[in-house]
Amino acid sequence: MVINVDEFSFIESIKQHTYNQSSLIKGIGDDAAVFSSLSQNIVSAVDTFVEGVHFSKETMSLFHVGYRALAANISDLAAMGATPAFYLVSIVIPKGWSQEELLQIFNGMRHLARAYKMDLIGGDTVSGKEMCISVTVIGFTMKDKARYRSTAESGDIVFVTGTLGDSGAGLHILTHSNNYKEASYYINRHRMPSPRISFAIGLGHLARVTLNDISDGIASEANEIAEASNVTLLLNESEIPTNSSYNQFPVELQEKWKLFGGEDFELLGAIPPKDWDKVQQIGELTNTNVTKIGEVVEAGKNGKVILKQKHKSILLEKKGYTHLK
C-alpha cells in the first residue's frame with residue numbers, strides 16, 4: 001500500500017485564503033509565518049497525538065480526532081488566560097491513508113478554530129509508520145496577565161469549572177454496550193470537549209488567578225499547582241461536581257474518572273476569597289458552572305493535596321494519566 005496523498009495539493013486544500021487575525025503579516029506560503037504584537041504577551045503550547053495511544057478510529061470519526069486535538073491545545077491557552085489566535089499542524093502519515101481522510105481531520109480542527117477566529121498558519125507533512133498529529137497553538141494575553149500554576153497562596157478558594165469524569169464515562173460508553181442514560185451527552189464530552197476560553201478571559205481583570213487545565217485528571221493537576229506554589233490544597237470529594245446521571249456507573253469507575261480520568265479539559269483554579277463573588281459572576285456571564293471544591297490551607301511546605309472523604313482524609317497522589325507510560 002502507498003500513501004495516497006499529494007503533498008502540495010493537500011497543503012493547498014487546507015490553506016486559508018482569508019485570515020481572521022489582524023496581527024498576521026504572512027500565513028502559509030513561505031518558509032515560516034509572520035505576525036506582530038507590540039502590546040500583548042505571546043503564549044504558545046504544543047501537543048502530539050498518536051493513533052492507538054491518544055485516539056482511535058474505533059471510538060471517534062476523523063472529524064472528531066481533529067476537533068479534539070485542537071481542543072486540547074486551546075484548553076492549554078485557557079489555562080494561561082490567553083485568547084487563541086493561530087495554530088500549526090504537523091502530521092505523520094502512514095501507508096494507506098487517503099487525502100480525503102486527512103481532510104476530515106483538518107475539517108474537525110477548522111470547525112473548532114472558526115469558533116475562536118483562529119488562523120492555520122503552517123505545519124509539516126511527512127510519511128511514517130504510525131499516524132501522529134502535532135498541534136501548536138499561539139495566543140495572546142494582556143501584558144503581565146498570563147496565568148500560572150505557581151501563584152496560589154494560603155487562604156485561597158479552590159474551584160473547578162464544569163463537571164468531571166464525563167470524558168472517561170463517554171469512552172466507557174463507546175466501548176461497552178449497555179442502555180446508558182444521557183449516552184450522547186457523555187460521548188460528546190469525550191469527542192468534542194469545550195475549552196473554557198471565554199471564562200478564562202473573563203478573569204482577566206482580576207489581579208491574581210492560579211489556573212491549570214484538567215487534561216490528565218484533577219489529582220494530577222491539583223498536585224501540579226500545589227508543587228509549583230509550594231502549598232497544600234485541601235479538596236472535598238463530595239463537592240467535586242459531576243453530571244446528574246453520573247451515579248449510574250459503578251462507584252469505583254466514578255471515582256477513577258472523576259479524580260484520575262482526565263481529558264475533561266475543564267479548569268482548576270485558586271483565587272483570593274475576596275474575588276470569589278466576581279468569579280461566580282463571570283461564570284454566569286459566560287454560561288460556565290463554577291464550583292468551590294476546597295481551599296489552600298498551608299504555604300511554605302512541600303506541595304501536597306489532601307482529599308477529604310466521608311469519614312477520612314487521604315493524601316491524593318499524582319497518578320492521573322502520564323504520557324510516557
Side-chain angles (χ1 to χ4, degrees), residues 16 19-27 32-47 70-88 112-122 135-153 155-162 193-215 221 224-225 228-229 231 265-290 292 296:
Q16 286 184 217
Y19 293 98
N20 298 295
Q21 298 294 322
S22 60
S23 58
L24 185 66
I25 298 171
K26 181 64 177 179
V34 181
F35 60 92
S36 64
S37 178
L38 297 176
S39 60
Q40 297 171 298
N41 291 135
I42 299 170
V43 180
S44 182
V46 60
D47 276 310
L70 183 57
N73 283 270
I74 294 175
S75 184
D76 285 331
L77 292 181
M80 301 300 293
T83 300
F86 306 110
Y87 68 110
L88 302 93
L112 183 59
R114 191 177 298 122
Y116 299 102
K117 296 184 178 180
M118 297 181 76
D119 290 324
L120 176 63
I121 60 171
V135 180
T136 300
V137 289
I138 298 167
F140 300 102
T141 69
M142 294 182 289
K143 285 289 186 182
D144 302 318
K145 283 294 185 178
R147 304 306 186 179
Y148 304 111
R149 301 169 182 169
S150 58
T151 57
E153 297 181 3
D156 280 358
I157 287 175
V158 179
F159 68 87
V160 70
T161 63
S194 302
R196 299 298 186 178
I197 288 291
S198 58
F199 172 77
I201 293 172
L203 302 174
H205 66 284
L206 300 181
R208 182 173 59 82
V209 182
T210 305
L211 289 178
N212 203 4
D213 92 308
I214 304 177
S215 55
E221 320 304 352
E224 287 180 346
I225 288 176
S229 298
V231 297
F265 300 112
E266 296 292 348
L267 292 177
L268 175 68
I271 49 95
K274 66 181 180 64
D275 290 331
W276 176 233
D277 287 345
K278 297 174 186 176
V279 170
Q280 291 179 297
Q281 291 170 8
I282 294 163
E284 292 176 4
L285 290 172
T286 60
N287 196 29
T288 306
N289 291 327
V290 187
K292 176 184 176 180
V296 180

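Heads up: numbering here begins at 1 and tracks the sequence. All values derive from a computational prediction rather than experimental measurement.
Between Tyr87 and Ala113, the closest heavy-atom pair is CE2-CB, 3.6 Å. When every heavy atom of Asn20 is checked against every heavy atom of Met118, the shortest pair comes out as ND2-O, 3.7 Å. When all heavy atoms are compared, the tightest approach of Pro195 to Tyr116 is O-OH, 3.4 Å. Taking both residues in full, the closest heavy atoms of Asn73 and Val135 are given as OD1-O, 3.0 Å, listed atom of the first, atom of the second, then distance. Heavy-atom minimum distance, Gly139 versus Leu77: N-CD2, 4.1 Å. In terms of heavy atoms, Ala200 sits closest to Ala78 at CB-O, 3.1 Å.
Residue pairs meeting the salt bridge (charged side-chain N to carboxylate O under 4.0 Å, His left out) criterion with at least one member in residues 268-290, sequence neighbours excluded: Asp275-Lys278.
Here OG of Ser22 is found 10.0 Å from CG of Asp119. Values are rounded to the nearest 0.5 Å. Note that CD of Glu266 is 12.0 Å distant from OG of Ser215, once rounded to the nearest 0.5 Å.
Under the rule for a side chain to side chain contact (heavy atoms under 4.5 Å, CB included), the partners of Ser150 that lie at least two apart in sequence or sit in another chain are Tyr148, Ala228. Contacts of Thr136 classified as side chain to side chain contact (heavy atoms under 4.5 Å, CB included), with partners at least two apart in sequence or in another chain: Ser44, Val46, Leu88. For the side chain to side chain contact (heavy atoms under 4.5 Å, CB included) test, residues two or more places apart in sequence or in another chain that qualify with Ile201 are Thr83, Ile197. Residues satisfying the salt bridge (charged side-chain N to carboxylate O under 4.0 Å, His left out) criterion with Arg147, sequence neighbours excluded, are absent altogether.
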Scan the side chains in residues 205-212 for donor-acceptor partners under 3.5 Å anywhere in the protein, sequence neighbours excluded, and list what turns up.
from   : atom 1 : to     : atom 2 : distance (Å)
His205 : ND1    : Gly202 : O      : 3.3
Arg208 : NH1    : Thr151 : O      : 2.9
Arg208 : NH1    : Asp156 : OD2    : 2.7
Arg208 : NH2    : Asp156 : OD1    : 3.0
Thr210 : OG1    : Thr151 : OG1    : 2.6
Thr210 : OG1    : Ala152 : N      : 3.1
Asn212 : OD1    : Arg149 : NE     : 3.1
Asn212 : OD1    : Arg149 : NH2    : 3.4
Asn212 : ND2    : Glu221 : O      : 3.2
Asn212 : ND2    : Glu221 : OE1    : 3.4
Asn212 : ND2    : Glu224 : OE1    : 2.9

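Using a 4.5 Å cut-off on side-chain heavy atoms (C-beta onward), Asn41 and Lys143 make contact.
A distance-only check finds a donor-acceptor pair linking the side chain of Thr161 to the backbone of Leu267 [under 3.5 Å]. Between the side chain of Asp76 and the main chain of Ala45, no donor-acceptor pair closer than 3.5 Å is present.
Note: Phe199 and Phe159 have perpendicular aromatic rings, judged against thresholds of 30 and 60 degrees for the angle between ring planes.
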